[in-house]
Amino acid sequence: MFDRYKIQIEEQINPILKGEGLEHISLAWSLIPFSGHWGISTSFFQIAAQEARSGKKINVAQRATELADLVAGKLILGREFERCEAVRGYINIYFEPKSFSQMVVDKVLDEKQLFGSFPSNDETVMVEFSQPNTHKAFHVGHLRNIVLGASVSNILEFNGNTVIRANYLGDIGLHVITWLWNYENFHQGETPPAENAISWIGELYAEAVKRREESEQNEEAIRRYFQAWDNHDPEIVALWEETRQWSLDAFAQLYETLGVHFDRLYFESEVEHVGKAFVEELIEKELAVDERPQGAVIIDLDALLGTKEEYRVLVLLRSDGTSLYATKDIPLAVKKFDEYKLDRSIYVVDVRQSLYLKQIFKVLELLGYEWANRCQHLAYEIVNLPGNVTLASREGTVVLLEDLIREAEKRAMEIVDHKNPELNIEEKQRIASMIALGSIKYSLLSRDNTKIVTFDWETALDVNGQAAPYIQYAAVRANSILRKAGYQIPDELHSPDDLEEKEIILVDLISRFPQEVEKAGRDLKPLVITSYAYDLAKAFNDFYTNCPVLSAKDEVRSFRLRLVAATKQTIINSLGLLGIQIPEIM
RNA sequence: GCCCUCGUAGCGCAAUUGGACAGCGCAUCGGACUUCUAAUCCGGCGGUUGUGAGUUCGAGUCUCACCGGGGGCGCCA
């Protein structure tokens, strides 16, 4: 956006530096880091340091200051610039606010919901996230994964990638069998209640595990049940299929509530069989070692690679021949790349699986897949309870997703009810839901992926301060002004000669949105967007209290209306990347 | 034992990837609603960035060593 100006200015700076005996200098430009006025800046420290290294006896800081002063004194700026200044070795060049602000606002109103996005770049990326087990409940730990995966997908899409949102469901294994056995013996004929199907399924799971653990007889019965399932006992398979669907339906409902969708569902059951063939291949190629029946099928990566205690040993198949996660993850990766010709495959999985995924990617490389190094683990830390208590359904230390959402909606509803008593109940509920879900999502996304989230009800349901409702409210205020103006946004491109400081800060922030999107995409960090959206809302609230819009005169009013519309759009776009919606009223 | 990760104000978190004076929110204290919605705004208080070295003109950020929390290391997922 500013390249043209940079070149233009460098053409002036180079001769000045040449006069100082400095040639072939390249300057690194950046946006001036604090708001107030916008502009670009560069420093002379590197140049001074170079001089010092070449033998001259100079004080680097002093020399940088001297050079900055010199250049600032000699620069001749065009009318698109306001002024330039030298500050402690830096030179700051400020743009003329009028034309710049006009340019930014025009751009937003022109591009609308696409503002901040980048054109398609031909890169296809798959993001695998959520990965729930059927026949189990969802808790807040799972939510962090979903919310992160969904947001990263949105951000990558905005960056111009073609994104395939994939889910990988654990629909087989001991946990499923345990559930089925318990159901058939103790809950025959029951069906999940429509309202809270996941909780019901989860409760049965907890009960099933308890039964399995409390008697050896039960454990044996379950093992026999597993055998029967493995031998395709038609009754058990039918029950498996039916109950699995209950879970899938319930998940679909939850994803809808969360506003998350998937382009492709993978199932463990669809890759298990082919996975065993891959294990055979690995044994044949003498990469894997078959220690059965005494041991398992393993692949000693350190031995193969000559590393020491780095890749360790990966178990591919149990000694009894049944499959493990690794058995299935290998064919799954192949399937993904085959189906979609991926350029990149991202796994949103918690940090505890870092070594495991590193192993899987290495095995794929050893199998000769050239794309193996384009698999990427997006690791995030877990959600804990206070006192470093791990969330675990079997310990009872768990916060169920449905409970959390219900409670958050209840609290939001109280406020909505109080503030907007005239609305009908459906509308109130809709608004409360957006606020509740927004708060929950925001609180999970607004800390770095590498930081543990300690869940407590107080913080999770706090809607004050740096939280989604603050940002949503800013957009609602903007909307309120626009509504009172009859949604008539003037076309005039004139902006007033003198802009208020608050307006300048606001325009400045809006102009930074695209680069924040880029950064969030590069680092796979929604945190960048949560911070940005908050700063933007703050700047708008500041503008709101200081700059009247509707009562302002002609051109000021027009410009401010356009600015308000542009702000609303930018808030919508940024919260959209986080999967957070904005009500019209709140 | 090896590896990963975190440590910033009483608490919860940021910091443009090595740049300007380390910012914000809770909490706390004090102000502002006959005004486009106060779920808002303004001000005060609060810091040796775990410790110690090193690299650099410049370090919260990079290197090394310690200290402390969490996690992972062959048949769990």
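A note on names: the letters A, B, ... follow the listed sequences, proteins ahead of strands, and every chain is numbered from 1.
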- Task: In whole angstrom, give the distance that lies between atom CD of A:E516 and atom P of B:A15.
- Result: 10 Å

- Just call it for A:Q353: base, sugar-phosphate, or nothing, with non-hydrogen atoms closer than 4.0 Å on any strand. base

- Item | Paired nucleotide for B:C57 [Watson-Crick or G-U wobble; both distances under 3.5 Å] | B:G19

- Item | Strand partner of B:G1, provided both Watson-Crick or wobble distances fall under 3.5 Å | B:C73

- Query: Looking across every strand, which nucleic acid part, if any, lies under 4.0 Å from A:I299 by heavy atom: base, sugar-phosphate, or nothing?
  - Reply: nothing

- Looking only at side-chain atoms of A:T545, point me to the closest of B:C41, B:A20, B:A14. B:C41

- Query: Taking the side chain of A:I435 as its heavy atoms from C-beta onward, which of B:A39, B:A14, B:C36 lies nearest to it?
  - Reply: B:A39

- For A:A48, report the nucleic acid contact type (base, sugar-phosphate, nothing); a contact means any heavy atom under 4.0 Å. nothing

- Item | From B:A14, B:A77, B:G70, nucleotide with atom closest to A:N133 side chain | B:A77

- Item | No-hydrogen, no-angle side-chain donor-acceptor test under 3.5 Å, A:T307 and A:D302 | yes

- hbond_proxy A:R312 side chain to B:C2 base (donor-acceptor, 3.5 Å cutoff): yes

- When all nucleic acid strands are considered with a 4.0 Å heavy-atom cut-off, which category describes A:D542: base, sugar-phosphate, or nothing? sugar-phosphate

Could I get a table of every N or O pair under 3.5 Å where one atom is in the protein and the other is in nucleotides 74-76 of chain B?
| from | atom 1 | to | atom 2 | distance (Å) |
| --- | --- | --- | --- | --- |
| B:G74 | N2 | A:E291 | OE1 | 2.8 |
| B:G74 | N2 | A:E291 | OE2 | 3.1 |
| B:C75 | O2' | A:R318 | NE | 3.3 |
| B:C75 | O2 | A:S319 | N | 2.9 |
| B:C75 | O2 | A:S319 | OG | 3.4 |
| B:C75 | N3 | A:S319 | OG | 3.4 |
| B:C76 | OP2 | A:R318 | NE | 3.1 |

- Task: Hey, which sits more toward the 5' end of RNA chain B by its nearest nucleotide, A:Y534 or A:S323?
- Result: A:Y534

- Query: Considering only side-chain heavy atoms of A:N541, which listed nucleotide, B:A39, B:U40, B:A20, is closest?
  - Reply: B:U40

- Checking all strands, does A:R292 fall into the base, sugar-phosphate, or nothing category for heavy-atom contacts under 4.0 angstrom? nothing

- A:I481 has its side chain closest, among B:C36, B:G72, B:A14, to B:C36

- Message: Among B:A77, B:C24, B:U16, which nucleotide has an atom closest to any side-chain atom of A:Q466?
- Response: B:C24

- Would you mind pulling out the nucleotide paired to B:A65, Watson-Crick or G-U wobble, both distances under 3.5 Å? B:U51

- Would you mind calling B:C41 syn or anti? Take O4'-C1'-N9-C4 for purines or O4'-C1'-N1-C2 for pyrimidines, and syn is within 90° of 0. anti

- Query: Please walk me through it: do A:K502 and A:Y544 pass side chain to side chain contact (heavy atoms under 4.5 Å, CB included)?
  - Reply: CA-CA 9 Å; A:K502 308 299 182 190; A:Y544 184 92; over 6 Å; no

- Query: Under 5.5 Å between ring centres and under 30° between planes: true for A:Y470 and the base of B:A39?
  - Reply: no

- Item | Base-pairing mate for B:C26 - Watson-Crick or G-U, with both contacts under 3.5 Å | B:G10

- Item | Candidate nucleotides B:C36, B:C57, B:U40, ranked by approach to the side chain of A:R477 - the nearest | B:U40

- Could you check whether A:V453 gets within reach of a base, just the sugar-phosphate, or nothing at all, counting any heavy atom under 4.0 Å? nothing

- Item | Protein-nucleotide distance (A:D448, atom CG; B:C13, atom C1'), rounded to Å | 10 Å

- Item | Nearest non-hydrogen partners of A:L536 and A:I510, listed with the distance | CD1-CG1, 3.9 Å

- Note on the structure: Of B:G12, B:G19, B:A39, the nucleotide closest to the side chain of A:R447 is B:G12

- Is there a donor-acceptor pair closer than 3.5 Å between any side-chain N or O of A:Q359 and the backbone N or O of A:Y311? yes

- Message: Which nucleotide, if any, forms a Watson-Crick or G-U wobble pair with B:A39, using both distances under 3.5 Å?
- Response: none

- A:Q131: partners by side chain to side chain contact (heavy atoms under 4.5 Å, CB included), with sequence neighbours left out: A:E128, A:N145, A:Y168, A:V349

- Query: For RNA chain B, whose closest nucleotide is more 5', that of A:S551 or that of A:K525?
  - Reply: A:K525

- How is A:N388 classified with respect to the nucleic acid when contacts are heavy atoms under 4.0 Å: base, sugar-phosphate, or nothing? sugar-phosphate

